[in-house]
Amino acid sequence: MADPEVDPMDCDESPSPDGDVLNKDKKFGANSYHYWHNHGKDRAASGDVAPPPKHELVATETRMVDKRVENIAKYAFSDGKKKVQVYVDWPGVGANAHKVKVNFEKQQFDLRIEEENVDYRLFVPNLRNEIIPEQSTFKVKENQIVINCQKLEEISWYELKKPASP
């Protein structure tokens, strides 16, 4: 069916057998692609077709970028009667004590030193014996972190971790 808005005098081609005009714009010649995109906008403005969608901000979201995590492999420990102490040497850590976090659980502890682009971590699962998380503490010195794990029982710890099962 022919488009009523098109003046037959502006057409390069004659209507197709079913009455539709094949090329409606002399400006673009045989390339009517441009015409139809502009034509659709004109028709939407007049209410003949649905208007293009309007984009609207629904919500914003702030995401934390995953930081790289590097394991701390070098540490020492000493076994006392009521507590086990773990020593981690870290140059200049005393100036950034607020970046040091330690999480204690019955059979593990997790030390994290949070830097801008990387977190350093000493995660010790499967401690030799249970500790009392509520009474375990840590202290940040100028160049060292001392972790005090309060023992549940006064048992000697010959190793910090349980030996691996065969």
Side-chain angles (χ1 to χ4, degrees), residues 24-25 28 30-166:
K24 300 179 181 179
D25 195 347
F28 295 107
N31 188 358
S32 61
Y33 175 80
H34 299 286
Y35 174 78
W36 281 107
H37 280 278
N38 288 336
H39 179 71
K41 290 178 186 173
D42 295 340
R43 290 183 65 189
S46 70
D48 190 25
V49 295
K54 292 181 181 175
H55 300 285
E56 165 178 337
L57 180 63
V58 177
T60 59
E61 179 180 330
T62 304
R63 289 186 175 186
M64 293 293 295
V65 176
D66 291 334
K67 291 198 290 187
R68 185 173 47 122
V69 177
E70 289 188 18
N71 290 325
I72 299 171
K74 187 177 176 185
Y75 61 91
F77 89 99
S78 69
D79 180 34
K81 188 173 184 176
K82 295 184 178 190
K83 64 183 174 180
V84 172
Q85 292 185 308
V86 180
Y87 303 93
V88 178
D89 291 333
W90 202 266
V93 73
N96 295 308
H98 64 281
K99 294 182 177 183
V100 178
K101 311 273 190 265
V102 182
N103 182 34
F104 297 98
E105 293 186 25
K106 287 181 183 182
Q107 286 286 154
Q108 68 187 30
F109 71 85
D110 188 7
L111 162 69
R112 286 186 177 259
I113 303 169
E114 299 172 347
E115 296 292 336
E116 187 174 330
N117 296 321
V118 63
D119 283 352
Y120 296 94
R121 183 179 190 202
L122 174 60
F123 178 60
V124 182
N126 301 318
L127 288 169
R128 177 75 179 156
N129 294 300
E130 286 190 22
I131 62 172
I132 305 170
E134 300 80 26
Q135 295 177 12
S136 298
T137 61
F138 70 98
K139 184 175 185 176
V140 179
K141 296 184 175 184
E142 185 177 339
N143 293 308
Q144 188 178 57
I145 301 165
V146 181
I147 300 169
N148 299 301
C149 297
Q150 188 69 37
K151 292 180 179 181
L152 182 63
E153 300 176 57
E154 293 182 12
I155 301 172
S156 293
W157 289 27
Y158 300 106
E159 299 168 310
L160 186 60
K161 299 178 186 180
K162 283 183 183 177
S165 300

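Please read all numbers here as calculations on a predicted model, not as lab measurements.
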- request: Carefully, step by step, assess R128 and K161 under the rule side chain to side chain contact (heavy atoms under 4.5 Å, CB included).
  value: CA-CA 4 Å; R128 177 75 179 156; K161 299 178 186 180; over 6 Å; no
Heavy atoms of other groups near K106 NZ, more than 12 under 6.0 Å: no
query: Take atom CD in E116; do more than 12 heavy atoms of anything else shown fall under 6.0 Å from it?
result: no
- prompt: Looking at W90 versus Y120, is the centre-to-centre ring distance below 6.0 Å?
  reply: yes
query: Of the non-hydrogen atoms in Q108 and L127, which two are nearest, and what is the gap between them?
result: N-CD1, 3.6 Å
task: Report the C-alpha separation of R112 and V69 in whole Å, then their side-chain angles, then the decisive distance to 0.1 Å, and conclude whether the side chain to side chain contact (heavy atoms under 4.5 Å, CB included) test is met.
output: CA-CA 9 Å; R112 286 186 177 259; V69 177; 4.3 Å; yes
Name each donor-acceptor pair under 3.5 Å that joins a side chain in residues 139-155 to protein atoms two or more places apart or in another chain, with its distance.
unit_1: N143; atom_1: OD1; unit_2: G92; atom_2: N; d: 2.7
unit_1: Q144; atom_1: NE2; unit_2: D89; atom_2: OD1; d: 2.9
unit_1: N148; atom_1: OD1; unit_2: Q85; atom_2: NE2; d: 2.6
unit_1: N148; atom_1: ND2; unit_2: T137; atom_2: OG1; d: 3.4
unit_1: Q150; atom_1: NE2; unit_2: K82; atom_2: O; d: 3.1
unit_1: K151; atom_1: NZ; unit_2: D79; atom_2: OD1; d: 2.5
unit_1: K151; atom_1: NZ; unit_2: G80; atom_2: O; d: 2.6
unit_1: K151; atom_1: NZ; unit_2: I155; atom_2: O; d: 2.7

- request: Mind running side chain to side chain contact (heavy atoms under 4.5 Å, CB included) on K162 and Q107 for me, showing each step along the way?
  value: CA-CA 10 Å; K162 283 183 183 177; Q107 286 286 154; 3.8 Å; yes
- prompt: Quick one: does V124's side chain get under 4.5 Å of V86's, heavy atoms only?
  reply: no
query: If you take all heavy atoms of D119 and E114, which pair is closest and at what distance?
result: OD1-CA, 3.4 Å
query: How long is the span from the CG atom in D110 to the CD atom in E105, to the nearest 0.5 Å?
result: 8.5 Å
field: 4.5 Å side-chain heavy-atom contact, L111 and F138
entry: no
- request: Begin with the C-alpha distance, continue with both residues' side-chain angles, and end with the deciding distance and a verdict on side chain to side chain contact (heavy atoms under 4.5 Å, CB included) for F104 and I131.
  value: CA-CA 8 Å; F104 297 98; I131 62 172; 4.1 Å; yes
query: If you take all heavy atoms of F77 and V84, which pair is closest and at what distance?
result: CD1-CG1, 3.7 Å
